[in-house]
Amino acid sequence: MSAQAVPGTAGRRPGMMDVARLAGVSHQTVSRVINRPESVRPATLAKVRAAIDQLGYRPNMAARALVTDSTRMIGVVTTGSHFQGPASTTAAIEVAARQAGYATLVTALKREADDAEKEIRDVFDFLIERGVDGIIAVAPQTWIATSAERVARAVPLVVVADGLTPSGRIHVVSVDQELGARMAVGHLLGLGRKRIAHLAGPADWYDALARARGWRAALEDAGQEVPPMLTGDWSAERGYEVGAEMVARGLPDAVFCANDLMALGVLAALRDQGVRVPEDVAVVGFDDTPGTAFFSPPLTTVRQPFDELGVLCMEVLLRAIDGEVGTTHSISPTLRVRRSSC
């Protein structure tokens, strides 16, 4: 077979009719090879696939959508993509979608929208007008999730947020952030640390709220005093500021930081002030950001299973597309113990 012998292929994308001509079969046979290969005789299957390979043919998804009423495309809405958690979650969803035979159309929201409701509505309209079969919203901030709930009517929606309640066509998927915090604090209590401070994330983030709940509950369950919570912004700079303030005001036994970057800042401040970690103060982070094993000292942290989270998001969305009503699903993190705590 020769691609040059097939009329009409030069200068344009090869189509199903071009494959049929080259293989010497009908276009219906080519369609069966693509969609139901088990129904085609082995010899014919091999001949058509050879023609597909020679021409570099790829199915036209737009044409298929007209027949199946499915674009095999999902929308992914995200913000905070410059942070480890949302960025890793979005990447994991893209991989899981591709493995499930879906393409992804990713749209980022502004970090702070003047009109949050309009921002969300515009993004959903953008995705729905392009025919997505469903939407996954990586919604770490409370305003995103609540706005998404109000505008999601046309397609199934999966929201990644620990603390949101599912309803109707809204499904909720998350890593159990509160459990992760309890693991971190329980680890420190088990080492004999009693005065455990918490450097929390921003108050409008679901993950920060859940981690703070877990810290407080673990201390209360152990009969320990709950000190005033320290508010952060996820940055190493804020971690450094808090670490320096701790040295000036009096050191706790341990610091549980709501993410690894703030823990990095705390470690740097303590080191600069001559405070030994973990001898004087133990430090624990959250996320298991790449490189935490090479912090000085290596950081004990809570690892989130982002790959598993992406797969779960796609599984839940596919069931939602099939008509399943709102559900909630949570997976457990794990604790990575390193030298910063013991």
Starting from the C-alpha separation in whole Å, work towards a yes-or-no answer on side chain to side chain contact (heavy atoms under 4.5 Å, CB included) for Ile135 and Val77. CA-CA 7 Å; Ile135 295 174; Val77 180; 3.9 Å; yes
What pairs meet the ring pair (Phe, Tyr, Trp, His ring centres under 6.0 Å) rule with one or both residues in residues 308-342, with sequence neighbours excluded? none
Between [X] and [Y] (salt bridge meaning N to carboxylate O under 4.0 Å), is one present in this structure?
| X | Y | value |
| --- | --- | --- |
| Arg193 | Asp253 | no |
| Arg319 | Asp322 | no |
| Asp125 | Arg121 | no |
| Asp287 | Arg336 | no |
| Asp288 | Arg338 | yes |
| Asp122 | Lys118 | yes |

Which is it for Arg195 and Leu251 under the side chain to side chain contact (heavy atoms under 4.5 Å, CB included) test, yes or no, and what are the steps along the way? CA-CA 9 Å; Arg195 293 178 294 115; Leu251 291 170; 6.0 Å; no
Co-membership, hydrophobic cluster, residues Val95 and Met314, 4.5 Å side-chain: no
Measure across Leu45 and Pro37 and return the closest heavy-atom pair with its distance rounded to 0.1 Å. CD1-CB, 3.9 Å
Quick one: hydrophobic cluster around Phe294, which other residues, with the 4.5 Å side-chain cut-off, linked directly or via members? none
Can you list the other members of the hydrophobic cluster that holds Val226, where links are side-chain heavy atoms under 4.5 angstrom apart? Val185, Leu188, Leu189, Ile196, Trp215, Leu219, Met229, Phe256, Val284, Phe286, Val302, Leu335, Val337
Quick one: is the NZ or CZ of Arg130 closer than 6.0 Å to the six-membered ring centre of Phe126, and within 45° of its axis? yes
Under a 3.5 Å threshold, yes or no: a donor from one side chain and an acceptor from the other, between Ser26 and Thr29? yes
Checking side-chain polar atoms at under 3.5 Å, does His187 have a donor or acceptor matched by the opposite partner on Ser341? yes
Side-chain donor or acceptor of [X] paired with backbone N/O of [Y] under 3.5 Å:
| X | Y | value |
| --- | --- | --- |
| Asp176 | Ile331 | no |
| Asp53 | Ala50 | no |
| Ser340 | Thr300 | yes |

Taken to the nearest 0.5 Å, the spacing of Met16 CE from Gln28 CD works out to 9.5 Å
